[in-house]
Amino acid sequence: MYAELAVDNTSLNTDRLFTYSVPSDMEFYMEVGKRVLVPFGRGNKLLEGLVVNLKRDLDSGLDADKLKPIQYVVDREPIMTLEMVELLGWMRERYLAKYTEVIKTIVPNGITMKAKKVVKVEMAIDETIVDPELAAYLNSKKRMALENLKRKFGEKNIQKDINRLCQMGCIEIEESVFQQVKKQYEKHVERRFKPEDADCIAETLSTRAVKQVEIVRLLSSRESISKKELLQAVNTSDSTIKSLEKKGLVETVEREVDRNPVGREVAHYSKIELNEAQRMVYDEIESLKHTKHLIHGVTGSGKTEVYLQLIESALERGEESIVLVPEIALTPQTLDRFMGRFGDRVAIYHSKLSNGERYDEWRKMRDGRAKVAIGTRSAVFAPFRNLGLIIMDEEHEQSYKSSMNPKYSTLEVAEKRCELEGARLVLGSATPSVETYYRAESGEFKLLEMNLRANENPLPNINLIDMREELYNGNKSIFSRELYMSMLEKLERREQIILFLNSRGFSKFVSCRSCGHVIKCSRCDISMTYHAEENRLVCHYCGESRKMVTECPECGSRYVKHMGLGTQKVEAEVRKHFPKAAVERMDLDTTGRKHSHEEILTRMKNREIDILIGTQMISKGLDFPDVTLVGVIIADTSLNIPDYKAPERTFQLMTQVAGRAGRSELEGRVVIQTYEPDHYSIQTAKDHDYMSFYSQEIMVRKLFRYPPFCELVDITVYGREESSVCKIASEVASRVKDSVSKSETLRNVEVLGPNPALIYRIKDRYRMKILIKARREDMSEIKTTLGALLSLNEKYAKEQVRVSIDINPSSII
DNA sequence: AGCACGCCGACT
DNA sequence: GTCGGCGTGCTC
């Protein structure tokens, strides 16, 4: 028997399957989806591999005698089902990722095997043959890791002794394997000499050991450095470090990079009778006429109860369910409903769990103790064996697209998984993404409409205020008269108010009135935001901050002014105009501390807050019955981003924010202030008219050829050296253009760029973009070219330029 | 990534 | 001649 393995190795060159022979006594345990340990490479280093395929016959070109045997089977139970192994291969191709990247996404990066060399003392060692200290130590311990021994005595000092003892049979070295909850590691090179000896050591080193001297000098000023950094700084390969290590001057160690945990508890949430609309949707999905569904339901139409009952019915059939929610929606409020109904049959799965917690939840699912998984996008990989249902709530949310390799779309993966495992897919949204709705219209998804709010309250009334007119009428404040009066009225009635603005800080940028100079971040091509509370300027892209200036750094003028609006300024204005109201601000700056997020929401719930001011953060999933007024200070911020999704985002944002008002029998009102009241995404949001928005937007998409009328591939080339970034970006572009023009079939493929990214420089890295528009059926042919581009990452590693490819990115800026 | 191989220059 | 540094190419 032979096994094809994906070996745990991050190099692109080794990102393929390797064939090993299965010793006959191991055949019984061998299964696809289990991990094994195999000797790999010249050094036969023990590596972990995942069994992807088992076969009796060997591919031609492989010589059976030359195959190495599998050494050890790691898992008792497979960590992936056959279907998941197939999904693994599919994801690797679809998103141009490596096996290891995909495996680490699918299984919790908690479990892995480590092999260590262990020294076993077979007979007492005579202190006269070797270093007496070493002998004494060995005799006292009997068994120890070779690693520790090297650390204690220095590798160079003991190497010969160890070899001799081995030959004499006094000790034996064996490889011992143990499971370890893997933390994130980074290799560091540590100094093993005294800093004052640096000069002395540099002289002793060979005159040819230029690189080694450089490293010694570098390390004389610091105790350790990450290996990556060191290689870049000295511009050398790791054989230099190896040489130094042999001399005992440095040592490489793995250092842990750690994370943070979460924890909570719940009350029972009982079943509710479905209303007519809910019942129809439920019956339709249960009827099994279709496998993929889209519930288009207004906020408050009671989608969650439908989800709960679908899960219940799946449970009765013995099937498992996955509930996906966007990052921000995974609040205690949401969790309570699911855990309150299904108790400990629910597993929670998201990226903020600690390794231990994640591993526990994962095992709960794989071993069948949990039947319902709820979590963010990674929960789509829940290790169930009898999956019946995947629910994806707020389907349109951006957080469903991963920004790390593999840059997968949770929707695509969910679809693929449902296909492979015969499960049903249910998408839900009040504002479906244009792509999804298009597919529903064309019959790929069964479209289910829920137009009524479950509590039968009307949707809130939305007033659009043209801020140009306000200004014309002499109102220079950030509140229109309409909003101001409404706030007064609601405060008098002791009802709650939410004010929304899409940018934090006090003012968006600071500029000099006499020379026009705008203060920019030193590392990014972006203006700095003024934060009044700390009286500092902050860059929202890299976090750099400095003291607010009193005079222009260019011309010295004292007329520096902050322009534009942030939540801090809104807060200040609110306090000024409504001094008696209890005001609270909720944005990235006020929720920095752990649980501060929940604290604010609890105070809101307890009505200790009259006016809540916030960013995106408050637009989703919050359900406060006493909020009757929502004010959008400026709606245009998200509209003016040069991205084809900007109108869609704006419509979704407005609709969601508006949905925060009038969740109870109290009448809700929404005031949207804007400078572009005629824009279709704002107009249609005002009328709660998704259909009208959709029909206009789909025309724009068709006209300019954007999804769903094409697939997009975003290639970003980025690095510290502007000239190399540009050079490599144009190399990338011309390679792609070449292969497109040479092909007969790729007539419809457009290659745009290279163009500088909207924000050309972030954290001192220059960014160039190439955009490809292609038909879906052309993708596989393009992939060959794209795959080759990724090897540029290795070719240009020295230049520190990277090429990153994103299939259907969530934005193209 | 990480290992051995092998070329090449310096030193005995 | 020999030793060691360091770039290169391969991994079932």
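Chain A is the first sequence line, chain B the second, and so forth, proteins listed ahead of strands; every chain is numbered from 1. Values reported hereafter were calculated over all heavy atoms of this structure, with side chains retained and with hydrogens, waters and symmetry mates removed.
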Side-chain donor-acceptor contacts of residues 82-91 of chain A below 3.5 Å, not counting sequence neighbours, with atom names and distances?
unit_1: A:Glu83; atom_1: OE1; unit_2: A:Thr81; atom_2: OG1; d: 3.4

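- Here A:Ser239 lies in heavy-atom contact (under 4.0 Å) with a base.
- Among the protein residues, A:Gln212 comes within range of the sugar-phosphate backbone only, with heavy atoms under 4.0 Å from sugar or phosphate atoms but none that close to a base.
- Once you apply a 4.0 Å limit to the heavy atoms of chain A, the touched nucleotides of DNA chain C run 5' to 3' over C:dG4 to C:dC12.
- Between A:Glu101 and A:Lys407, no side-chain nitrogen of the basic residue sits less than 4.0 Å from a carboxylate oxygen of the acidic one, so the salt-bridge criterion is not met.
- Counting any heavy atom pair closer than 4.0 Å across all strands shown, A:Asn13 reaches a base atom.
- Among the heavy atoms of the strands, none lies under 4.0 Å from A:Ser21.
- Remark: A:Glu731 engages A:Lys795 in a salt bridge, criterion side-chain N to carboxylate O under 4.0 Å.
- Base engagement by A:Phe40 is indicated by at least one non-hydrogen atom pair under 4.0 Å involving a base atom.
- A:Lys227 comes within 4.0 angstrom of the backbone, heavy atoms only, and of no base.
- Counting heavy-atom neighbours within 6.0 Å of A:Glu794 CD, excluding the residue itself, gives a total above 12.
- Comparing A:Arg208 and A:Glu794 against DNA chain B, the residue whose closest nucleotide sits nearer the 5' end is A:Glu794.
- Other residues, nucleotides and ligands contribute more than 12 heavy atoms inside 6.0 Å of the CZ atom of A:Phe193.
- Think of the region where chain A sits on DNA chain B: with heavy atoms and a 4.0 Å cut, that region ends 5' and 3' at B:dA1 to B:dC11.
- Partners of A:Tyr408 by ring pair (Phe, Tyr, Trp, His ring centres under 6.0 Å), not counting sequence neighbours, listed by chain and number: A:Phe381.
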Only pairs under 3.5 Å count here: list side-chain donor-acceptor contacts from residues 236-243 of chain A, not counting sequence neighbours, and write none if there are none.
unit_1: A:Thr236; atom_1: OG1; unit_2: A:Thr240; atom_2: OG1; d: 2.7
unit_1: A:Ser237; atom_1: OG; unit_2: A:Ser239; atom_2: OG; d: 3.1
unit_1: A:Thr240; atom_1: OG1; unit_2: A:Ser237; atom_2: O; d: 3.4
unit_1: A:Ser243; atom_1: OG; unit_2: A:Ser239; atom_2: O; d: 3.1

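- Each of A:Phe18 and A:Leu205 lies near DNA chain C, and the nucleotide nearest A:Leu205 is the one positioned closer to the 5' end.
- Under the 3.5 Å distance criterion, with hydrogens and angles disregarded, a donor-acceptor pair is assigned to the side chains of A:Glu245 and A:Thr252.
- By the salt bridge (Lys or Arg N to Asp or Glu O under 4.0 Å) test, A:Asp199 pairs with A:Arg217, sequence neighbours left out.
- As judged by a 4.0 angstrom heavy-atom cut-off over every strand, A:Val210 is placed among residues touching the sugar-phosphate backbone only.
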